[in-house]
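Worksheet: the structure to be examined is printed underneath.
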Amino acid sequence: MSIYQKFGVEPIINACGSVTRLGGAPMPVEVLESFREAAAEWVPLEQLQAAASRKISEHTGTEAGLVTSGAAGALTLGAAAILAGHNLKRMEELPHCDDFPDEFIIAREQRSGYDHAVRAAGARLVEVGFNEIVSNAGVRRTESWEYAAAINENTAGIVYVHAADSQPVLTEVVEVAREHGLPVLVDAAGEVPPRSNLKAIAATGADLVSFSGGKAIRGPQSTGILCGKRELISSAALQMLDMDDHGQLWEPPADFIDTSLFRGLPRHGIGRALKVSKEEIIAVLTALEMFASGAYDAQNLEFRSWLEMIGEELELANVNATCYLVTPEGSERYPSLEIQIDESALGSAFDVCQNLRRGSPPIYVGHARLQEGMLTINPVCLTAEYARVLAERLCAELK
Ligand SMILES: *Cc1c(COP(=O)(O)O)cnc(C)c1O
């Protein structure tokens, strides 16, 4: 019996990928083993986070880093670090920013539910640009002069959401920020692979970059990474760590938290609710090491063979659908299978998707393109056995 069944929950076949809603990415055995080992001993968290900082620096080429509660937690802490710096009064006041700059500039087209994480620190978002292409009322994307024009004495920083086709490119936004002495906080949650982005995004000069630990890196789904300028990471760490100690006893590693920048000891900060455990820290560092070394690449060939098998089974069963194997360039990204269903024979793709979820075992497929009558199969959370069951259930459902 599954551990989940013991608690009355039915496990599913996740053909949707490493999404939070369904439990994140599969953790390699090495990662799970490191979690278990880490649970058997105790360490001061500021020392562990300082060690994490050194490891993250190595992989990202940044001055410092912090393990956070997801990329979302990294965005809240990054914004808090920019807002408060090492001003202990400001740390105490967040998320209220009554007498200091609190505006973060963001392109209107980059807004999403994830920017709630930035606002949670106290930041007020100021939108620039339009979304003319989506509204079919223009041909231009956001331009860097629009960021420059929005800067005033209340501006605290710039938020930038990194995607392959983000406009303007990050280097241009960093240039505008530099001219005005402002920091740039980058949401790069899902921007690896390619592995090169671990270093390339921060190499633009962006001050802080956040990555998910529980997507392609395959750490615990509750983890993330914030990396960047030493002084900002020091502030973020101060606002996250459990601060219930005496000032005269507390000795954080000097390369991690610069105690010369403040007098006294802050109490628990806004990030105290975003804690990560020693086990999670060790597990995501182990996963980062594996991801950065390319240890996951070989599996992409196996993923491909499962998807080909599913495509062949569906063809043999003569279902009312056509399969397309999508194979990205290079060895770092895994393939996916797109299933274009014949909606005149099967009903809407939404209904097909719902029926798969309600079946036994429940099956969750990628649902980003249901509007176009397309189901997507993402292999990253499958196993050879799951792939066989998935093929059978799809054959039955799409007949
Ligand atoms: C997934 C994602 C996040 C949140 O990452 P978590 O690690 O789940 O907190 C933030 N921003 C973007 C663009 C994402 O895709």
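Index from 1, following the sequence. Counting starts at 1 for both ligands and their atoms, following the listed order. Values below: all heavy atoms of this structure, side chains included; hydrogens, waters and symmetry mates excluded.
The nearest heavy-atom contact from the protein to atom 8 (O) of ligand 1 is Thr20 OG1, 3.6 Å. Protein heavy atom nearest atom 4 (C) of ligand 1, with residue, atom name and distance: Tyr114 CE2, 3.5 Å. Nearest to atom 9 (O) of ligand 1 among the protein's heavy atoms is Ala72 N, 2.9 Å.
Contact annotation: for Ala189 versus ligand 1, heavy atoms closer than 4.0 Å belong to the side chain alone. At a heavy-atom distance under 4.0 Å, no atom of Gln221 approaches ligand 1.
A side-chain donor-acceptor contact under 3.5 Å links Ser277 and Glu279.
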When you look at Thr171 and Glu175, which way does the side chain to side chain donor-acceptor pair (under 3.5 Å) test go after all the steps? CA-CA 6 Å; Thr171 45; Glu175 196 178 318; over 6 Å; no
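On a distance-only criterion, Asp187 and ligand 1 share at least one N/O pair closer than 3.5 Å. Note: an N/O pair closer than 3.5 Å links Lys215 and ligand 1 by distance alone. Considering backbone and side-chain N/O of Ala71, one or more are found under 3.5 Å from N/O of ligand 1.
Taking the centre and axis of the six-membered ring of Phe256, the NZ or CZ atom of Lys229 falls outside the cone set by 45° and 6.0 Å.
Counting only distance, with no hydrogens or angles, the side chain of Glu46 and the backbone of Glu251 share no donor-acceptor pair below 3.5 Å. Within the 3.5 Å criterion, the main-chain N or O of Ala25 finds no donor-acceptor partner in the side chain of Ser18.
The aromatic rings of His86 and Phe262 lie parallel to each other, their planes meeting at an angle below 30°, with 60° marking the opposite boundary.
Taking all atoms of both residues into account, the shortest heavy-atom contact from Ala177 to Ile158 is CB-CD1, 4.0 Å.
Considering only non-hydrogen atoms, atom 5 (O) of ligand 1 lies nearest to Ser212 out of Ser222, Ser212, Gly214.
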